[in-house]
Amino acid sequence: MSTHQNLKVAVLLGSTRDGRFGPVVADWLLGHLKARGDMTADLVDLKTTPLPTVMPSFGGELPPEEIELLGAVSPRLEAADAFVVVTPEYNHSFPAALKNAIDWHNHQWHAKPVGFVSYGGLSGGLRAVEQLRVVMAELNAVTIRNTVSFHGAAQSFDEHGRPRDPAADAAADALLDQLDWWARGLRVARQARPFAA
Ligand SMILES: Cc1cc2nc3c(=O)[nH]c(=O)nc-3n(C[C@H](O)[C@H](O)[C@H](O)COP(=O)(O)O)c2cc1C
C-alpha cells in the first residue's frame, strides 16, 4: 500500500450521557480531518453504537445480540490506521463507556497511533488523557504528544460549534500532523512485518 493513500482515522466519541456536549467537539474535529484531504474519518459514537458491558468467560461464547453490537464497532477499529479519542473528564478519569470499548478490543489497537482531544470542567480533560496514555500503552498503541483540550467546554465554543479561541484550530492541525506522521510510518511497518505482541 502506498504511503500516499488516505489514512483511515477512527474518531472515538467517549461520552454517552444524555444531553452530552461531546458531539460539538467531535464535529469540530471531524471538520479538521475532512479539510485535510489526506484522511478519511469514521466517527465511532459509543452512544449510537453501544457495546455490551458483560464479557464472557475466557474462551466463552458471546450471545448473538452481543455479536451484533460488536459487529457495529470492531471491524471499524480493525480497519483504522489511526485513532483520535474525543473524551470528557469524569471524576479525574475518562468515561466508563470508553474503557469498555477499549477493553473489548486488543489487536485492533496494536502498532497504531492514538491522538486525544479532551474537554471538561476545570481540567480540560487533561487527567483523562494522562490515564488513557497508560491504558493505550498496554495495548501496544502509540500515543501522540500533542493534544487539544477545552476547559469550561460549553463556554469554549460559539453557537456555530466553533472554538472561541483560534489557538484550538492550530492545535488540532498540529495534532493531526503528528498523527499523520506516525500513522503512515506504522502502516508501512505493519505491512513489512506483522506486529508481534
Ligand atoms: C460524572 C461526571 C464527573 C465529572 N467529573 C469531572 C472532573 O473530574 N473534572 C472536570 O474537569 N470535569 C468533570 N465533569 C464535567 C464534565 O467533564 C463536563 O461536564 C463535560 O462537558 C462532560 O462531557 P459530556 O457533556 O460530553 O458528557 C464531570 C461530569 C460528570 C457528568
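Counting starts at 1 for both ligands and their atoms, in listed order. The analysis underlying the following values was restricted to heavy atoms, covering all of them including side chains, and did not include hydrogens, waters or symmetry mates.
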query: Taking only heavy atoms of Arg20, which atoms of ligand 1 are found under 4.0 Å from at least one of them?
result: 24 (P), 25 (O), 26 (O), 27 (O)
message: Quick test of your reading of the model: are Asp38 and Arg36 salt-bridged, counting only N-O distances below 4.0 Å?
response: yes
message: Pair Thr40, Asn6 - check side-chain hydrogen bond (donor to acceptor under 3.5 Å, both in side chains), show working.
response: CA-CA 6 Å; Thr40 304; Asn6 262 19; 3.2 Å; yes
- request: Grab the two heavy atoms, one from Gly115 and one from Leu179, that are nearest each other, plus how far apart they are.
  value: N-CD1, 3.7 Å
- prompt: Looking only at protein heavy atoms, which one is nearest to atom 11 (O) of ligand 1, and how far off is it?
  reply: Gly121 N, 2.9 Å
- prompt: Just by modelled atom types, is the Arg127 backbone N or O under 3.5 Å from a matching donor or acceptor in the Glu89 side chain?
  reply: yes
- line: Out of His92, His151, Arg127, the nearest non-hydrogen contact to atom 8 (O) of ligand 1 is supplied by His92
statement: Within 4.0 Å of some non-hydrogen atom of Ser15, the atoms of ligand 1 are 24 (P), 26 (O), 27 (O)
- prompt: Does an N or O anywhere in Ala153 fall below 3.5 Å from an N or O of ligand 1?
  reply: no
message: Can you name the atoms of ligand 1, numbered from 1 with element, that are less than 4.0 Å from a heavy atom of Leu122?
response: 11 (O)
- prompt: Which residue supplies the protein heavy atom nearest to atom 26 (O) of ligand 1, what is that atom called, and how far is it?
  reply: Tyr119 OH, 2.6 Å
field: Contact check, side chains of Ser15 and Phe21, non-hydrogen atoms, under 4.5 Å
entry: no
query: Among protein heavy atoms, which lies nearest atom 5 (N) of ligand 1, and at what distance?
result: Asn91 N, 2.8 Å
task: Give the residue and atom name of whichever protein heavy atom lies nearest to atom 30 (C) of ligand 1, and the separation in Å to one decimal.
output: Tyr90 CD2, 3.6 Å
- prompt: Can you check whether Gly22 has an N/O within less than 3.5 Å of an N/O in ligand 1?
  reply: yes
- prompt: Taking the minimum heavy-atom distance to atom 16 (C) of ligand 1, which of Glu89, Lys47, Arg17 ranks first?
  reply: Glu89
- request: Please state which part of Ser123 comes within less than 4.0 Å of ligand 1, counting heavy atoms only: side chain, backbone, both or neither.
  value: both
- request: Could you check Trp104 against Glu66 for side-chain contact (heavy atoms from CB on, under 4.5 Å), going step by step and ending with a plain yes or no?
  value: CA-CA 11 Å; Trp104 270 107; Glu66 296 198 357; 4.2 Å; yes
task: Measure from the side-chain N and O atoms of Lys112 to the backbone N and O of Leu77, and report whether any donor-acceptor pair falls under 3.5 Å.
output: yes
- request: Let me see the working for Gln191 and Arg187 under side-chain contact (heavy atoms from CB on, under 4.5 Å), right down to the final yes or no.
  value: CA-CA 6 Å; Gln191 285 159 359; Arg187 184 165 67 181; 3.7 Å; yes
query: Hey, which atoms in ligand 1 end up nearer than 4.0 Å to a heavy atom of Pro88?
result: 22 (C), 23 (O)
query: Is there a side-chain contact between Leu175 and His32 (heavy atoms, below 4.5 Å)?
result: no
